[in-house]
Amino acid sequence: MGRFQGLACALGVFAMGGVQAADAPMEATELDAITVYGRVLGRIPGETATKTGAPVLETPFAVNIVPRELLDLRNVANIGAAVETVGGVQRTIGFSGNQRFRIRGFPAISTLRDGMRQSVSQPEIDLQGIDSIEVLKGPASALYGRFEPGGVINFVSKRPQESFASEATLTAGSDDYARAGFDVTGPLGGGDAWLGRLNLAHEDAGSFRDLVDNRQSYVAPALEWRPDADTSLLLRLEYLRRDAAFDRGLGNHPRFLEVPLSRNYGEPFQRVVKRQHTAGIEFNRMLSRDWRLRVAGYWSDVEVPEEQFFNYGFPALDGDTVNRNFVSYRERQKDLTLQGELYGRFATGAVRHQLLVGVEHGSDRLAYLDGRIAYGQPIDFDAPVPSGPPEAWEDTGDSRYEYETTALYLQDEMALGRWRLLLGGRAERTDTLSFYTGGIDPAVTRRDSPFSPRAGLSFLATPDLSFYASWARSFRNEADAGQLQQGVITRPTRGDQIEVGVKSILLDGRAEATLALFDLRKTDAVVADPVDWNLVVQAGELQSKGIEAELSMRPVDAWTLVAAYAHIDATIREDTNEFLVGNRLAGIPRTQASLWTSWAFEGALHGLTVGGGVFHSGRQAATTANSFDLPAYTRIDLNARYAFADGYAVLLNLDNVTDTRHYITGGFSQIYPQAPRSVRVSLSRRW
């Protein structure tokens, strides 16, 4: 494994891989070696899966890492494009037009930031501040609490570095796209006790969509204090401001697939303005060679003083008239997560243990305030003409959703010869409040105490080949889904997954491959009440099962390749509407594949790197009713980078080279057309 470790550093640990801790190489004669905590303080790539940085071959779950090097090779522009090389992950659009995801058939409603929860609605993520993206597939509640069963995505922030480095980038492209970014890091003053980093970005962009634009500014300073080799204290701050058109895409009717991709049925006054402040703090202390203490916190405050948009009516289309309702309110999202964790290594006879004990307290609050709605705002399907703000609004009041969580979680990774056994679980108490001014009882509360276990077994057939099997359970509170007939909040939904797979290191450590099969079910799913559509019942069951195959390799130093394939059958097994039973889940293609490759030239063409990717998605249901499908597509992207003297480089991206017409789905079954052929040119300087 040591030879792979060197490759991993060179590759930056490509999309599917993990990395062995530098001080814990796995030799052929010592298969029971496990990660040692007498290591340099700092994060190990792949920590999301176990929080301990266990080697990927010893981790009995599918985990993917998209490192900064791959993001830079592809020169991706947003987090949605960043995960396209990961099998089983689909892009979707969040409520306010931000990028969101589905994993193994289920929405990734919340995400992680440096291992701590980011809540459901508003937080934006600018790639300028991201060092890597890690995807843990399958239920993650044993470590992270209330999440959907498909998995979780962890956005890992850039950290201050010991050596000085800086980079500035300017980008211009199609549809008036313009962006500038700056990153500088290094020691502050004499010595290396204080390290700093500053990331800045500003984007001002139009769109291929009519009436759509986006202006976003981002500032992210970070400071790290290392008084000695065993102690570190890291502080990160972020400020983001976004002012953008509120694009609601197209309606859920097949005729919308015939209109120009640029067509927008919205209004110029419908926008979202957002101000976002976040802060993270992390303290690490080596208590001894084998024991480490970590204390961390994450806080965010997202204020949306202006949010105006339209909803498509039911049905969205009547003849040649598009039904719309205008909506306006302001929004506030607040998060707080505090964690304390103890990591240790010890032995009981021949069994070696890697132990994690953690406590967590979390609080997140989402409020929709001063709600108003204007019903009946039609617009022509073929020749939409904006009507402007309505003359009269109806007040809809306020709604709030609050969660207070206290949890204890434990995990033990055991090694005996060629065998690895992981056992873990999380006991949690969650207090949920749902408030709606229009309700009979406006404030409803509920307390739940779920336990979320997981277990996995790995067998190391050789130092470069392992087989594994695992089981895990998830839970998520869905207060915002509606109330039961009794006027109470729904109980948490549950997810269960069985997964088996094989992981291998190939080509003398120059390649890494994973094959995984899974069967994932969500029970107690919230569905519409068949008697009163204003209420819900918990009688739903969803199933997602499939296979994923992934490969990342660098056969020679100049050639990089990352490939993924997924076949997922995601269906409705139980519902109050018998006509939905057996239907496919919306937005989930049965087949999905991607391949990205690049070549760095030497000799007369030294400095030139060319790359390209093929991204395929099969047909996907546009609606839960399966009334029509979004067509399959295959998109091709190309790029080239030329680095020349004094750290300069010029990059050219040709996205969707064949001008393929394609769509993805969003909330409320809306359809979002994706960009036609476009070009971006970037100039960067490193020093």
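Quick note: numbers below take in every heavy atom, side chains included, and nothing from hydrogens, waters or symmetry partners.
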What's the shortest heavy-atom distance between [X] and [Y], and which atoms?
{"X": "Arg113", "Y": "Gly129", "value": "NH2-O, 4.0 Å"}
{"X": "Lys274", "Y": "Val302", "value": "CG-CG1, 3.7 Å"}
{"X": "Phe182", "Y": "Ala168", "value": "CD1-CB, 4.0 Å"}
{"X": "Gly358", "Y": "Leu408", "value": "O-CD1, 3.3 Å"}
{"X": "Val650", "Y": "Phe644", "value": "N-CE2, 4.2 Å"}
{"X": "Gly611", "Y": "Trp596", "value": "C-CH2, 3.9 Å"}

Between [X] and [Y], does any side-chain donor sit less than 3.5 Å from a side-chain acceptor?
{"X": "Glu428", "Y": "Thr430", "result": "yes"}
{"X": "Arg146", "Y": "Ser141", "result": "no"}
{"X": "Gln128", "Y": "Asp183", "result": "no"}
{"X": "Arg68", "Y": "Ser132", "result": "no"}
{"X": "Thr278", "Y": "Ser300", "result": "no"}
{"X": "Tyr239", "Y": "Gln276", "result": "no"}

Let me see the working for His277 and Trp299 under side-chain contact (heavy atoms from CB on, under 4.5 Å), right down to the final yes or no.
CA-CA 8 Å; His277 299 82; Trp299 165 85; 3.9 Å; yes

Taking the basic N atoms (NZ, or NE/NH1/NH2) and the acidic carboxylate oxygens, is any pair closer than 4.0 Å for [X] and [Y]?
{"X": "Glu224", "Y": "Arg226", "value": "yes"}
{"X": "Asp301", "Y": "Arg332", "value": "yes"}
{"X": "Glu404", "Y": "Arg365", "value": "yes"}
{"X": "Arg294", "Y": "Glu282", "value": "yes"}
{"X": "Lys334", "Y": "Asp364", "value": "no"}
{"X": "Arg686", "Y": "Asp72", "value": "yes"}
{"X": "Arg215", "Y": "Asp243", "value": "yes"}
{"X": "Glu360", "Y": "Arg426", "value": "yes"}
{"X": "Glu341", "Y": "Lys51", "value": "yes"}
{"X": "Glu303", "Y": "Arg242", "value": "no"}

Between Phe155 and Leu112, does the side-chain contact (heavy atoms from CB on, under 4.5 Å) criterion hold? Intermediate values first, please.
CA-CA 6 Å; Phe155 293 92; Leu112 297 173; over 6 Å; no

Mind running salt bridge (Lys or Arg N to Asp or Glu O under 4.0 Å) on Arg117 and Asp335 for me, showing each step along the way?
CA-CA 8 Å; Arg117 180 187 181 85; Asp335 289 329; over 6 Å; no

Quick one: sort the Trp225 and Trp194 rings into parallel, tilted or perpendicular, breaks at 30° and 60°.
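Parallel, since the angle between the ring planes stays under 30°.
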
Could you check whether the rings of His353 and Phe346 sit parallel, tilted or perpendicular, using 30° and 60° as the cut-offs?
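His353 vs Phe346 ring planes: parallel.
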
Between [Y] and [X], is there a side-chain heavy-atom distance shorter than 4.5 Å?
{"X": "Arg510", "Y": "Asp557", "result": "yes"}
{"X": "Asn199", "Y": "Lys158", "result": "yes"}
{"X": "Val273", "Y": "Val304", "result": "no"}
{"X": "Ile133", "Y": "Ile153", "result": "yes"}
{"X": "Glu47", "Y": "Thr52", "result": "no"}
{"X": "Lys503", "Y": "Val56", "result": "yes"}
{"X": "Arg429", "Y": "Thr405", "result": "no"}
{"X": "Thr406", "Y": "Asp431", "result": "no"}

Salt bridge (Lys or Arg N to Asp or Glu O under 4.0 Å) for Asp204 and Arg179? Distances and angles first, verdict last.
CA-CA 6 Å; Asp204 193 335; Arg179 182 177 173 90; over 6 Å; no

One pair to check against side-chain contact (heavy atoms from CB on, under 4.5 Å): Thr50 and Gln411. What are the steps and the verdict?
CA-CA 8 Å; Thr50 62; Gln411 178 180 272; 3.8 Å; yes

For a salt bridge (Lys or Arg N to Asp or Glu O under 4.0 Å) check, start with the C-alpha distance between Asp230 and Arg285, then their side-chain angles and the critical distance, and finish with the verdict.
CA-CA 6 Å; Asp230 294 329; Arg285 172 68 181 178; 5.1 Å; no

Are there over 12 heavy-atom neighbours, none belonging to His606, within less than 6.0 Å of that residue's NE2?
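For His606, atom NE2 is not crowded (no more than 12 foreign heavy atoms under 6.0 Å).
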
State whether the number of non-hydrogen atoms from other residues, nucleotides or ligands found under 6.0 Å of Asp192 atom CG is greater than 12.
no

Asn75 and Asn653: side-chain hydrogen bond (donor to acceptor under 3.5 Å, both in side chains), yes or no, with the steps?
CA-CA 8 Å; Asn75 194 28; Asn653 280 74; 2.8 Å; yes

Would Thr111 and Ile125 satisfy side-chain contact (heavy atoms from CB on, under 4.5 Å), going step by step from the backbone distance to the final call?
CA-CA 10 Å; Thr111 58; Ile125 300 169; 4.3 Å; yes

Does the cation-pi check pass for Arg292 over Tyr343, that is, NZ or CZ under 6.0 Å from the six-membered ring centre and within 45° of its axis?
yes

Which residues pass the ring pair (Phe, Tyr, Trp, His ring centres under 6.0 Å) test with Trp687, not counting sequence neighbours?
none

Trace of the side-chain hydrogen bond (donor to acceptor under 3.5 Å, both in side chains) decision for Ser682 with Thr171:
CA-CA 4 Å; Ser682 301; Thr171 303; 2.7 Å; yes

What verdict does the salt bridge (Lys or Arg N to Asp or Glu O under 4.0 Å) test give for Arg197 and Asp131, after you've listed the backbone C-alpha separation in whole Å, the side-chain angles of each residue and the deciding distance to 0.1 Å?
CA-CA 12 Å; Arg197 191 159 194 166; Asp131 184 64; 5.4 Å; no

After noting the C-alpha distance and the side-chain angles of Gln354 and Asp412, does the key distance pass the side-chain hydrogen bond (donor to acceptor under 3.5 Å, both in side chains) rule?
CA-CA 6 Å; Gln354 190 164 277; Asp412 191 1; over 6 Å; no

